[in-house]
**Student:** 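This is the structure I have questions about; it appears just below.
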Amino acid sequence: MLKRIIFSSFFISVFYFLVYFFVPALKTAVYSGGFWAILHALLGVILIINIFGIILFTLHYLFSDPDKT
């Protein structure tokens, strides 16, 4: 369940930043402040946390004992 939440929020934030990069109107809305600036900051934090989480899941997968219950 946690992996599904992390991966889905990661892809949503990546999709947002791709749209932000290619759509000038969204950049203008973020620069003007308000809701879009808060959303931009929130998705940036989510992206950073999810990158860290994916790295931790990968390290756990690589170094955990598969026979351990």
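Throughout, residue positions are numbered sequentially from 1 according to the sequence presented. Below, all heavy atoms of this structure are taken into account, side chains as well, without hydrogens, waters or symmetry copies.
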**Student:** In terms of heavy-atom contacts, does CZ of F7 have more than 12 from other residues, nucleotides or ligands at under 6.0 Å?
**Tutor:**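 Check passes, neighbour count above 12.
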**Student:** Could you grab the distance from atom CG of L26 to atom OH of Y31, nearest 0.5 Å is fine?
**Tutor:**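 Interatomic distance, L26 CG to Y31 OH, rounded to 0.5 Å: 10.0 Å.
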**Student:** Where is the tightest heavy-atom contact between V30 and W36, given as atom of each residue plus distance?
**Tutor:**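 Here V30 and W36 meet closest at CG2-O, 3.9 Å.
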**Student:** Linking I/L/V/M/F/W/Y whenever their side-chain heavy atoms sit closer than 4.5 Å, directly or via other members, would L62 and F57 fall into one cluster?
**Tutor:**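 The answer is yes; both residues are in one hydrophobic cluster.
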**Student:** Name all residues meeting the side-chain contact (heavy atoms from CB on, under 4.5 Å) criterion together with V14; count only those two or more places apart in sequence or in a different chain, and write none if there are none.
**Tutor:**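 For V14 the side-chain contact (heavy atoms from CB on, under 4.5 Å) partners, ignoring immediate neighbours, are F10, L18, L47.
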**Student:** In a check of side chain to side chain contact (heavy atoms under 4.5 Å, CB included) between F52 and each of I55, L56, I54, which one passes?
**Tutor:** L56
**Student:** Not counting sequence neighbours, list each pair that qualifies as a side chain to side chain donor-acceptor pair (under 3.5 Å) and has a residue in residues 37-55.
**Tutor:** S9-N50, Y16-H40
**Student:** Nearest 0.5 Å, what's the CZ-CD1 distance between F11 and I6?
**Tutor:** 12.0 Å
**Student:** Please say whether more than 12 non-hydrogen atoms of neighbouring residues, nucleotides or ligands are located less than 6.0 Å from CZ in F17.
**Tutor:** yes
**Student:** Is the NZ or CZ atom of K27 positioned over F21's six-membered ring, under 6.0 angstrom from the centre and within 45° of the axis?
**Tutor:** yes
**Student:** Would you check if I49 and I46 make a side-chain contact, meaning some heavy-atom pair closer than 4.5 Å?
**Tutor:** no
**Student:** Do Y20 and L39 belong together in a cluster built from hydrophobic side chains that touch within less than 4.5 Å?
**Tutor:** yes
